[in-house]
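Notes for the one structure printed next.
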Amino acid sequence: VVVVRVTVDLAERSYDVVVEPGARHQLAALVAARAPRAAAVAIVASERIQRQPWFDLDPGVASSVVTVPDGEGAKRLETVEALCTRFAEMGLSRRDLIVSAGGGAATDVAGFAAAVYLRGVAVVHVATSLVAQVDAAIGGKTGVNLAVGKNLVGAFHQPLGVLCDLETLATLPERERRCGLGEIAKCWLLEGHDANELRERGEAAWVAAAVGLKATIVSADERESGARALLNYGHTLAHALEAEQLGGHEIDLAHGEAVAIGLAFAVRLAWRLGRVAESEVARHDAVLDALGLPRTLPDGLSHERLLAAMGRDKKAHHSLSFVLDGPDGFELVSGIDPAQVLAALEEFEGER
Ligand SMILES: NC(=O)c1ccc[n+]([C@@H]2O[C@H](COP(=O)([O-])OP(=O)(O)OC[C@H]3O[C@@H](n4cnc5c(N)ncnc54)[C@H](O)[C@@H]3O)[C@@H](O)[C@H]2O)c1
């Protein structure tokens, strides 16, 4: 049984992330230890989450379940207003607590409501999707979407604790699982592990490794100036692929699949730029294959459009920037010649 407790080290705002089958049963102990004055708890979850057999959360003090829409549809300012209204009706005070239960959409919107209700109340995330466990619940980024773009309104609000219950993953739909596997592949590659270790150690250990990496990076760099940028490995092309998808192009990639393709591309670009040996490309391919993730470009995409979309990526400040592996390890590389990226795309397409 994998049991991991990782500390996100942020001085007086430090907290633990517990990765364990049945971790949700530690909620009452966590509330007693971290929010001893809390007299009321609002548990924020969608109906779909509330229907799961493991939805039996007990914070140890009086609690009410507050229902939000399921998935991405919850990430709207409207939901934040509805949540804060319910919190006020419940008489939730600054010493009380909000608990999110669900995937990244739930942790994002409940976390944001917690950040703004009464100018900030404490939040605990019970992360139930692979994406929430390895990524969204950790690090304090919260927010909602606007009609004009994703995650445009938000706040940094670190939780008091995160419970990643491996038992809940049993009910996670396969496509949602693949979303998380993309992030796991990213972390596995950033950590320098190979496909053999991946097969030997199994899913619980993958989650633990990804949680460990995210916790380490957030501890070192809470607000994404340096090290945190590494977590965007594979995401430059992934975001461009997703932009094409939104633009109505006939591709149907889960976020994790887009990230996987982005990882395969990034290592090929690093190879083309003379930064890594061919064995590094092979290591990436083997890890992606072992996780059953795609690593070739979907059919019929315009390379020029992908290039333009990668230039627009909000994390690429001026010219083209990619997180790339290299002689000094992984780093954010800026000022990459678009012609090289285009040539790498052509070659990547040729592998299909
Ligand atoms: N704040 C951050 O740092 C951060 C990082 C990564 C992603 N995100 C955000 O997270 C969101 C994606 O998260 P996600 O992939 O978890 O999607 P999601 O929250 O939309 O969940 C996907 C679906 O899976 C369901 N689900 C979740 N856990 C389940 C379980 N154990 N059993 C059955 N069904 C379950 C959800 O109810 C939903 O229908 C995006 O909005 C993204 O922007 C935020």
Side-chain angles (χ1 to χ4, degrees), residues 8 17 21-24 44-57 67-76 79 100-115 123 125-146 149-159 162-184 186-187 203 207 210-211 213-215 217-218 221-224 228-235 238-239 242 246 253-259 314-315:
V8 179
V17 183
R24 68 188 184 283
V44 177
S46 71
E47 273 170 4
R48 178 169 181 179
I49 293 297
Q50 293 172 41
R51 279 199 305 271
Q52 302 304 323
W54 42 258
F55 189 80
D56 53 6
L57 300 178
T67 304
V68 287
D70 188 56
E72 201 62 27
K75 287 182 53 173
R76 305 172 62 149
T79 314
S100 79
T107 62
D108 271 5
V109 72
F112 183 56
V123 66
H125 298 305
V126 178
T128 68
S129 75
L130 217 40
V131 167
Q133 296 189 354
V134 302
D135 197 356
I138 310 167
K141 279 208 228 169
T142 71
V144 296
N145 305 326
L146 295 179
K150 259 182 72 85
N151 299 323
L152 291 180
V153 176
F156 274 92
H157 188 55
Q158 298 292 346
V162 179
L163 302 174
C164 299
D165 191 336
L166 298 170
E167 277 174 14
T168 65
L169 298 178
T171 55
L172 189 69
E174 180 55 27
R175 188 179 166 88
E176 303 304 338
R177 217 175 86 81
R178 289 171 76 73
C179 286
L181 289 180
E183 299 300 324
I184 284 174
K186 175 193 81 180
C187 293
E203 185 173 72
V207 174
V211 165
L213 179 68
K214 179 132 193 204
I217 287 185
V218 170
D221 178 21
E222 189 179 359
R223 300 230 168 196
E224 195 160 8
R228 200 159 171 171
L230 290 187
L231 293 171
N232 287 320
Y233 189 40
H235 283 60
H239 288 152
E242 287 175 330
L246 284 178
L253 293 171
H255 176 66
E257 294 170 334
V259 170
K314 70 172 185 240
K315 271 136 197 163

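The figures that follow rest on heavy atoms only: side chains count, while hydrogens, waters and symmetry mates do not. Just so you know, ligand 1 is whichever comes first in the structure, and atom 1 is the first atom listed for that ligand.
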Heavy atom of His255, distance to ligand 1 below 4.0 Å: no
Closest to atom 27 (C) of ligand 1 among Val218, Thr128, Val131 (heavy-atom distance): Thr128
Closest protein heavy atom (residue, atom, distance) for atom 29 (C) of ligand 1: Leu172 CD1, 3.4 Å
Nearest-contact summary for atom 33 (C) of ligand 1 - protein heavy atom, Å: Thr171 O, 3.1 Å
Spacing of Thr128 atom OG1 and Ile49 atom CD1 [to the nearest 0.5 Å]: 4.0 Å
Heavy-atom nearest neighbour in the protein, as seen from atom 24 (O) of ligand 1, with distance rounded to 0.1 Å: Glu176 CG, 3.7 Å
Contact atoms of ligand 1, heavy-atom distance to Ile49 under 4.0 Å: 26 (N), 27 (C), 28 (N), 29 (C), 35 (C), 37 (O)
Residues Glu183, His235; criterion side-chain hydrogen bond (donor to acceptor under 3.5 Å, both in side chains); working and verdict: CA-CA 10 Å; Glu183 299 300 324; His235 283 60; 3.2 Å; yes
Salt bridge flag under 4.0 Å for residues Arg24 and Asp165: yes
Under-4.0 Å heavy-atom contact with ligand 1, by part of Lys150 that carries it: side chain
Protein residue, atom and distance nearest to atom 43 (O) of ligand 1, heavy-atom basis: Lys75 NZ, 3.0 Å
Atoms of ligand 1, numbered as shown, that sit under 4.0 Å from any heavy atom of Lys214: 3 (O)
Nearest-contact summary for atom 44 (C) of ligand 1 - protein heavy atom, Å: Asp108 OD2, 3.3 Å
Any Pro173 heavy atom less than 4.0 Å to ligand 1: yes
Contacting atoms of ligand 1, where contact means under 4.0 angstrom from a heavy atom of Arg48: 37 (O), 39 (O)
Residue and atom name of the nearest protein heavy atom (relative to atom 16 (O) of ligand 1), distance in Å to one decimal: Ser129 OG, 2.5 Å
Polar proximity ligand 1 side, Thr142 side, N/O cut 3.5 Å exclusive: no
Proximal atoms of ligand 1 relative to Gly103 (non-hydrogen, under 4.0 Å): 16 (O), 19 (O), 27 (C)
Shortest reach to atom 10 (O) of ligand 1 by a heavy atom, considering only Gly180, Gly182, Gly104: Gly104
Heavy-atom nearest neighbour in the protein, as seen from atom 38 (C) of ligand 1, with distance rounded to 0.1 Å: Asp70 OD2, 3.4 Å
Ligand-residue contact atoms, ligand 1 with Asn151, heavy atoms, under 4.0 Å: 43 (O)
Close-contact set for ligand 1 against Glu72 heavy atoms, below 4.0 Å: 20 (O), 40 (C), 41 (O)
For atom 6 (C) of ligand 1, the protein heavy atom that lies nearest, with its residue and separation: Asp135 OD2, 3.3 Å
